[in-house]
Structure formats: C-alpha cells, structure tokens
Amino acid sequence: MAQGVMEQPLAEKASTTATKYVYFFGDGHADGNGKMKDVLGGKGAGLAEMTNAGLPVPPGFTIQTEACREYMRGALNPKIDEEMLVALDKLEKLQGQKLGAGDNPLLVSVRSGAKFSMPGMMDTILNLGLNDKAVEALAKRSNNPRFAYDSYRRLIQMFGDVVLDVPKKKFEHIFDAVKAKEKVKFDYELQPAALKTIIDEYKKLVKKETGKDFPQKPLEQLSAARDAVFRSWQNERAKTYRRINHIDDWLGTAVNVQAMVFGNLGENSGTGVGFTRNPATGEHVFFGEYLMNAQGEDVVSGVRTPMPISELEKAMPQVYDHLKAITWKMEKHYRDMQDFEFTIQDGKLYMLQTRNGKRTGLAAVRLAIDMVKEDLITEEEAIFRVEPNQLYDFLVPRLVEKGEKIEVLATGLPASPGAAVGQIVFTAEDAVKHHQRGDYKSIILVRGETTPEDIAGMEVASGILTSRGGMTSHAAVVTRGMGKCCVAGAGDCTVDEVKKELRVKGKTFKQGDWISLDGTTGRVIEGKLKTLPAQPDDPLLVKFMSWVDPHRKLRVRANADVPRDARQARAFGAEGIGLCRTEHMFFAEDRIEHMRAMILAHEESARREALKKLLPMQRADFEGLFKAMESLPVTIRLLDPPLHEFLPQREELLVEIQHLEDTKPRSPRLKELKTLLARVQELHEVNPMLGLRGCRLGIAFPEITEMQARAIIEAAVKVKKAGGDPHLEIMIPLIGSIEEMKNQASLVRSIAEKVFEEKGTKVDYMVGTMIELPRAALTADQIAEEAEFFSFGTNDLTQTTYGISRDDINHFLPAYLKAGIFKHDPFATLDQAGVGSLVKGATQKGRGTRPTLKVGICGEHGGDPESVKFCHKIGLNYVSCSPFRLLTARLAAAQAALEETAGAGHSMK
Ligand code: PEP
Ligand code: MG
C-alpha cells in the first residue's frame with residue numbers, strides 16, 4: 001500500500017459524483033455555514049459563519065474533509081483540482097491580485113481544520129505563493145524588504161519541513177549560523193542581505209535533500225501544501241491525540257486556504273487583539289490593544305509596547321467604529337463575550353478570528369448575570385456560563401501576575417487552590433514558633449510530606465508545599481479542608497529537613513526566604529508576589545448561586561471536623577456534614593498525650609483509663625459540631641487511621657535515642673523513649689493502609705468504639721436536652737464484610753441504649769458505613785442489611801480498586817498522563833469505568849436490600865465537577881466535600897440536573 005493509504009471500512013465510503021469538494025467564503029457570502037463542521041471542519045465552518053454574518057474575513061476557500069478521506073484511501077478525485085482552480089480564480093478576482101504574481105501578489109495561508117479542535121497537532125503553511133519574483137514585489141509594495149525576505153525564508157522553511165520532509169533542524173542550523181556570523185541576538189535584527197543569504201542556503205538545502213528545486217510555481221506549491229495537510233492528519237502526534245480524545249480516525253481534516261493580509265504594509269496598516277468585555281472583571285468595556293505597522297506576533301511578543309484600543313478611536317475613527325460595531329454584532333450572534341484578532345491592511349479592517357473569550361471566575365459570573373439582564377441569554381443558560389471550578393476565584397486569594405516577572409521554580413500538583421506568599425519554614429514547630437513571635441507575617445511550610453503531627457504548623461501557615469504526595473495525600477486533604485493553598489508532590493524540589501534547605505533549579509532557599517505558591521496551577525514561584533483577597537460575600541456570587549440551587553437534586557454536605565469548619569461550611573451552603581474524621585481531634589496538644597498512653601498500653605484496663613480522659617474532650621467536640629449544624633445531618637466516622645500515625649516516627653526516635661545515649665545515658669527520658677520505640681516497632685506494618693485500621697481497630701480494641709460511641713450519643717443527648725435538634729449518623733470505616741458491620745453496629749447500638757437509659761432521653765441516630773473496599777462494594781446487598789446508610793470513601797476505594805497507593809501515585813502519574821493511560825489523576829476525578837461502576841453497583845445492591853438507603857460520597861471526588869455529575873447520574877443522595885469546594889459541587893450538581901432535563905442542548909462547549 002502506498003504511503004499514507006489506509007483501508008477504510010466499506011460502509012463508510014460515502015463520496016458520490018455529486019460531492020462538492022470546495023466551499024468558497026468571502027465578500028459577505030459563504031457556500032457553507034457554521035453548522036457544517038462535519039464537512040468543513042471547525043475552522044472552516046467558523047470562517048463560513050463569520051463571513052455569512054457580515055464580518056470582513058479575509059476571503060478564501062475550504063477543501064472539505066471527504067477529500068482527506070479520499071486521500072487516505074489513495075483515490076483523490078480529479079474534481080478537487082478543478083474546483084480548487086475555480087475557487088482560486090474567484091479569490092483572485094475578489095482581491096484584485098494573482099497568486100504569487102504581479103506587483104501586488106496574492107499570498108495565502110494553508111491550514112488544517114478538523115471537526116474537533118486538535119490544537120497544534122497538524123500542519124500550517126503561511127505566505128504560500130511567494131517565490132523569487134513575488135518576494136521582490138512584496139518588498140517594494142511594503143517598502144519593507146526585511147519583512148518580505150523574512151516571509152520568504154519562513155515559507156521555504158515551513159514548506160521544506162512540512163511538505164518536502166526536509167529535517168527542520170537543518171534549516172535551523174543554517175539560520176543560527178548566519179545569526180552567529182552577523183553577531184545578532186534576535187531574529188528580527190537580521191538585515192535583508194543576511195536574510196537573502198539564508199534564502200539561498202535554504203534553497204540549496206532543499207535541492208540537496210529532495211533532488212529538486214524549491215517550487216517556484218504557486219499552483220504547484222498549493223497542491224503540494226494541501227496534500228501535506230492531509231498527510232498531517234496521519235502523523236503520530238495527531239493519531240495519539242485522537243486516541244486519547246476518542247476522535248474517529250476516519251473523520252479527516254479539511255484544508256482552509258485563505259488570503260493573507262498584512263498589518264505591516266505601512267502606517268495605514270496595523271494589527272491587534274481584544275475582547276468585547278473585560279475578561280478579568282467582566283465589566284462591559286471594550287478592551288484590547290494594537291500596534292500600527294506591525295504583525296500579530298509583534299503585539300504578543302512584547303518586543304514593542306502595544307497601544308490601548310481606545311487610541312485607535314483617535315487615530316482611525318472609522319476603523320475603530322467598524323471594529324466595535326462588528327465585534328458587538330458577533331457578541332450578539334454568539335451570545336457570549338468575544339475574543340478577537342484583527343488586521344488593518346491599507347486602512348481596510350479584516351477580522352482574523354473571533355471566538356468565545358476565556359475569562360476569570362469573577363468575570364464569568366458577572367458576564368452571566370449581565371447577559372441575562374441584557375436578554376442575551378436565559379437564567380438557565382447563565383448557569384452553564386461558569387465552569388464549576390471557576391467559583392474558587394471568589395473563595396481564595398489569587399496571585400497578581402500582571403506586570404510581574406515570574407520565575408517558576410517547579411510545578412507540583414494543584415492540591416488545594418488559591419495563592420499563598422510567605423517565608424519558608426521547614427518544620428511545624430518552626431511555623432508555630434515564628435507565628436507566635438510574629439517575626440514572619442506569612443509562612444509557607446515546606447515539607448517532604450506532611451503527617452498528622454504537623455497539624456499545628458499547617459494551621460498557622462498561609463500555604464503548604466510538599467515534594468512528595470498526591471492529590472489525596474495528607475497535605476492535600478487537610479489544606480483543602482482549611483481552604484488553604486497547597487502545592488503537593490513538587491518532585492523537582494528537594495526538601496532537606498535536616499539542613500533546612502529547599503533546593504530547586506540549582507538554587508537553594510533557606511528558612512525565611514520568600515516564595516509564592518499558586519495552588520490552582522501547582523506552580524512554585526520565586527519571591528514575593530502580591531495577592532488579591534477572597535470575596536466570598538460578593539453580591540454577584542450570591543445572586544448567581546440563588547439561580548443555581550433550585551435546579552439541584554443532589555444534596556451537598558461538607559467534610560468538616562471542628563465547629564469552625566462546620567460554620568464555614570454552612571456559610572458556603574453545606575446541607576450537612578458528610579464526614580467528620582474524628583482522628584483529627586486527637587492531634588491537639590492536650591490530647592495526643594492521652595492518645596499515646598492509650599496506644600502504648602498493653603492491657604485493656606490501661607487503655608480504658610486513657611480513653612476515659614479522652615471521652616469528655618470528644619464529647620465537647622461533638623457537642624460543638626451538633627450546635628454548629630443545628631438540625632442538619634452530621635456524619636461522624638469512628639477512628640480510622642493506623643495507630644502508629646499518632647506516635648512519633650521511628651527514624652526521629654532513633655535519632656533522639658542515639659543523641660541521649662551519647663550525651664545523657666542516665667536520663668529517664670531515654671528509658672521512656674526506648675519503650676516508645678519498642679511499641680512503634682511492634683505497631684510497624686509493611687502496608688499500614690491495608691493493616692490495623694478502620695473497623696479493624698474497633699474490633700481489636702472494642703473500648704475505642706465504645707468510648708467514641710458514648711461521646712457521640714452523650715453529646716447528642718445533651719444538645720437535645722438543651723433544646724437542640726441533632727441529627728447524627730455514626731459511620732464505621734473500612735468495612736469489608738457483613739460480619740464486621742454487625743460487630744461494630746451492635747456495639748454502637750448497645751452503647752446508645754445504655755446512654756439513653758442513663759440519661760433518660762433518647763435521640764434518633766443511624767449507623768452506617770463507608771464503602772471503601774471493593775469487597776464491601778461487591779457485597780453491598782448483605783452490608784445494607786445492617787447499615788442504614790452508605791458513604792463511598794472513594795479515596796480508599798480508588799486506592800484499593802486500582803491497587804495504587806494514594807500517597808505515592810505522583811511517582812508515575814506524569815508518565816501515565818503523558819502516555820494517555822490516565823486522562824486525569826484518578827484520585828482527583830473519579831474513574832467512572834472502574835471505581836464508578838463499583839459505586840453504581842453497590843448503590844443498586846444496597847437499595848435492593850434497603851430501598852430507603854441514604855447514599856453519598858465523601859472522598860475527595862465529592863468536590864470534583866465531573867465526579868459530582870456522575871454521582872447525580874447514578875442517583876446518589878448527596879456529595880460531601882471540603883467546605884471550599886461546596887460552591888463548585890453545588891454548581892456541578894445543578895448543571896448535571898439541567899443537562900439531564902434539557903438533553904444535550906446545554907453544555908459549556
Ligand atoms: C476515603 O477514603 O475516601 C475517605 C473519605 O476517607 P479518608 O480519606 O479519611 O481515608
Ligand atoms: Mg478512607
């Protein structure tokens with residue numbers, strides 16, 4: 001089979017003798033229209049639509065996708081050439097120019113354009129039509145020989161690379177050699193004579209590599225470029241992109257041939273970019289910048305400083321009015337803010353592109369509200385104009401980057417959004433110390449990874465940076481709960497906690513040095529940037545959310561452990577607490593000592609003694625939570641993590657013991673430490689996440705469950721007696737079998753009965769479980785006999801279904817994302833096919849046994865828009881996420897419900 005020829009399934013061979021291959025657009029009329037993406041590709045359909053809407057788009061024609069399919073089949077219809085010549089003739093007449101000929105030669109661009117955007121995957125050729133003669137004409141007409149020769153050398157290079165397969169490196173080699181000889185630093189410093197030398201060398205290279213001269217005939221250039229674009233549909237990167245994005249290989253690409261217009265043909269020409277409204281704030285002001293006698297790249301490269309678009313009003317009032325009128329017309333047409341590019345050639349305005357503009361979250365909300373007021377869109381449509389994650393912009397501070405020099409030191413995982421700027425410390429103790437002394441105004445805690453012991457330091461820090469750990473690592477989960485910025489797993493950073501140094505990019509940062517974190521993108525930036533504060537009470541946000549909530553079917557709850565977080569959660573719209581991780585309560589300074597005493601005890605009686613001390617503290621915690629949540633449901637999970645997490649780390653103990661042995665061998669502390677070490681070693685597990693944790697703790701040490709159940713029930717009774725209305729749900733973690741569930745549920749219920757009897761008052765409560773092991777999901781019908789509710793712990797369920805450690809995924813995640821094995825981090829966005837099908841199946845099984853079973857999700861996926869939409873689809877009752885993700889979850893849930901009722905009509909895309 002010839003190169004590039006593919007076998008296509010017979011059923012799909014569609015072309016007929018009536019097939020129209022070439023679609024013209026220009027002068028206010030296009031053969032095609034905006035709906036014909038299958039035929040014209042996205043770009044071609046857009047050009048047709050813009051032309052039909054009366055926009056001054058540089059004219060041209062689109063060769064439709066069927067031609068590409070024919071090319072792949074190795075049978076290009078000769079009609080294509082015929083139609084192309086007719087279209088070219090029309091184009092030349094319209095422009096009053098001839099392709100690559102005469103005093104004012106027509107030049108064209110040749111670009112790919114598939115139905116689905118495949119940015120940068122296929123090839124483009126600019127300035128096509130230039131040859132040895134046309135370049136002289138262009139030099140004369142533009143009065144700018146440097147520009148003309150540069151355009152020509154670019155054409156030979158692009159054409160040589162894309163069409164003739166001459167290695168790009170060989171062109172670059174020639175170019176760099178001339179630059180070195182001329183002793184210039186920037187490309188634009190090369191003078192015409194040097195550019196001419198480059199052109200000669202390029203042509204020689206083409207001859208040497210292909211055995212033929214660079215084609216001087218414009219038509220020959222055109223057909224060869226068209227075929228090269230068809231070929232580029234089958235290049236490796238395009239194929240990979242299609243595989244990852246599930247795009248059919250047989251769609252093919254269209255080819256767009258369009259007249260080139262130049263903004264650098266003198267003082268009456270120019271080029272610019274703009275937005276119909278301010279994309280940062282959403283304000284209704286025409287916004288943009290431009291440069292006269294310049295090309296597009298001059299505006300964006302920063303070589304020359306562009307002028308604000310308001311200046312154009314003075315310089316060329318007619319062009320300005322025209323530009324304003326048509327961009328607003330486009331805004332009305334697309335019913336959205338437009339981002340546009342324009343060129344003025346000899347005083348005539350051309351629109352090169354207009355599309356829906358990217359915007360910040362603040363702008364997205366303002367635009368959505370304003371456009372409803374302006375009758376451009378409906379309230380329901382407005383709900384789709386904001387991406388759920390954009391709502392973070394209101395809740396967390398943001399970095400001010402405009403006008404700043406940004407030195408990105410590393411990029412880690414965007415573990416918790418927002419920004420933090422502060423001085424580095426390397427231990428939680430240092431964080432607390434400097435915070436208390438007030439010598440550091442803002443602190444960034446930098447750790448290899450955080451452990452529950454770091455909690456006090458995390459509390460006082462503005463942001464956290466870790467070099468290890470994934471999206472559900474301790475640092476990530478805790479900071480998200482606190483609404484604090486975190487960059488996790490920044491693997492390029494070496495954190496030396498002993499020397500107290502952060503080493504990255506050949507630089508060393510010490511305690512007290514300033515860095516800035518962007519938890520939304522995962523960037524670690526050198527120095528002290530400014531930040532913009534959070535605006536959670538913005539009236540626009542409040543109004544927007546009032547439109548959102550009535551559509552939602554899913555309830556939203558928060559993962560919150562302390563009354564402060566619970567109050568924060570309610571302010572962000574929580575309708576309950578879906579997960580209170582009780583272990584977090586044991587790390588407070590006044591408790592860890594009793595917790596350790598409990599763990600160190602070998603006898604049950606000693607354990608009970610220690611637990612007795614913890615009981616009143618836990619009871620007070622729960623009382624606070626019930627009060628903060630009033631009559632909203634509160635799900636409290638019994639102790640879950642392996643016990644050794646509450647003890648000092650083995651390595652730290654060894655170092656301290658060694659130190660004491662060397663310095664104070666008789667110290668009583670030494671004996672204490674040795675006992676501690678012995679217990680740490682006893683508790684040491686090879687796979688602690690699969691070890692003595694979750695319900696296994698409560699089964700091995702029932703007194704722990706007893707104490708916690710008592711604290712919960714006593715607190716509820718107390719609050720009820722004081723006139724409150726607590727709704728409690730007691731949750732058993734890491735259940736794998738009905739037997740485990742029965743064991744723990746009956747223990748909880750027996751304690752509850754005892755407390756009711758002792759106190760003479762009853763409260764309603766439920767006992768349920770987390771489903772976070774595949775076995776629990778697979779036997780959910782049995783477990784539901786005992787469990788009154790299910791909450792999917794999708795962090796552990798992802799870990800145990802995939803067999804991937806949630807704390808170590810970042811060791812290979814980048815490779816998996818790059819290879820297209822993962823589309824997302826499965827700990828951030830639910831794996832619907834695998835983990836999701838367990839969630840769905842277990843929900844069905846559970847409800848089969850107990851039709852009223854309340855089902856929710858409390859893993860980190862509960863705050864991820866795509867995962868929330870999945871939860872809606874499979875009929876869960878609620879999602880629970882950290883307080884700062886509540887707005888996102890609310891919006892995603894409303895969008896999911898609307899998408900369902902309105903079919904495919906609603907979408908962000
Ligand atoms: C989970 O596993 O999804 C969960 C919520 O529990 P944790 O993150 O505390 O293990
Ligand atoms: Mg879990």
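Just so you know, these numbers come straight off a predicted model, no measurement behind them. Counting starts at 1 for both ligands and their atoms, in listed order.
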Legend entry - Metal proximity, Glu772 vs the Mg ion (ligand 2), N/O/S cut-off 2.8 Å: yes
Inset, instruction - Might you point out which heavy atoms bring Asn559 and Gly578 nearest each other, and give the distance in Å? - result: OD1-C, 4.3 Å
Inset, instruction - May I ask you to check whether over 12 heavy atoms, not counting those of Tyr816, lie within 6.0 Å of atom OH? - result: no
Legend entry - Numbered atoms and elements of ligand 1 in range of Cys858, under 4.0 angstrom, heavy atoms: 5 (C)
Legend entry - Protein residue, atom and distance nearest to atom 9 (O) of ligand 1, heavy-atom basis: Arg581 NE, 2.7 Å
Legend entry - Option passing side chain to side chain donor-acceptor pair (under 3.5 Å) with Arg552 (candidates Gln895, Glu575, His872): Glu575
Inset, instruction - Look at atom CG of Asp725 and say whether more than 12 heavy atoms of other residues, nucleotides or ligands are closer to it than 6.0 Å. - result: yes
Legend entry - Neighbour count >12 (heavy atoms, 6.0 Å) for atom CZ, Arg650: no
Legend entry - Residue Met770 vicinity, atoms of ligand 1 by number, heavy atom under 4.0 Å: 4 (C), 5 (C), 6 (O)
Legend entry - Numbered atoms and elements of ligand 1 in range of Thr794, under 4.0 angstrom, heavy atoms: 3 (O)
Inset, instruction - Using non-hydrogen atoms of the residue, decide whether Leu579 is closer than 4.0 angstrom to ligand 1. - result: yes
Legend entry - Asp796, N/O/S atom nearest the Mg ion (ligand 2): OD2
Legend entry - ligand 1 contacted by Arg806 (non-hydrogen, < 4.0 Å): yes
Inset, instruction - Verify the ring-centre separation between Phe572 and Phe884: is it less than 6.0 angstrom? - result: yes
Legend entry - Residue portion contacting ligand 1 (non-hydrogen atoms closer than 4.0 Å) for Asn795: both
Inset, instruction - With heavy atoms under 4.0 Å as the rule, classify the contact between Asp640 and ligand 1 as side chain, backbone, both or neither. - result: side chain
Legend entry - Test item, Glu860 contacting ligand 1 (heavy atom, 4.0 angstrom): no
Legend entry - atom 6 (O) of ligand 1 - nearest protein heavy atom and its distance: Arg637 NH1, 3.0 Å
Legend entry - Tyr878/Phe789 aromatic ring centres below 6.0 Å: no
Legend entry - ligand 1 versus Gln799: contacting region, heavy-atom distance under 4.0 Å: neither
Inset, instruction - Any chance you could measure Met482, atom CE, to Asp561, atom CG, to the nearest 0.5 Å? - result: 9.5 Å
Inset, instruction - May I ask you to check if ligand 1 and Gly793 share an N or O to N or O distance below 3.5 Å? - result: yes
Legend entry - Distance in Å, Leu579 CG paired with Asn795 CG, rounded so as to fall on 0.5 Å steps: 9.0 Å
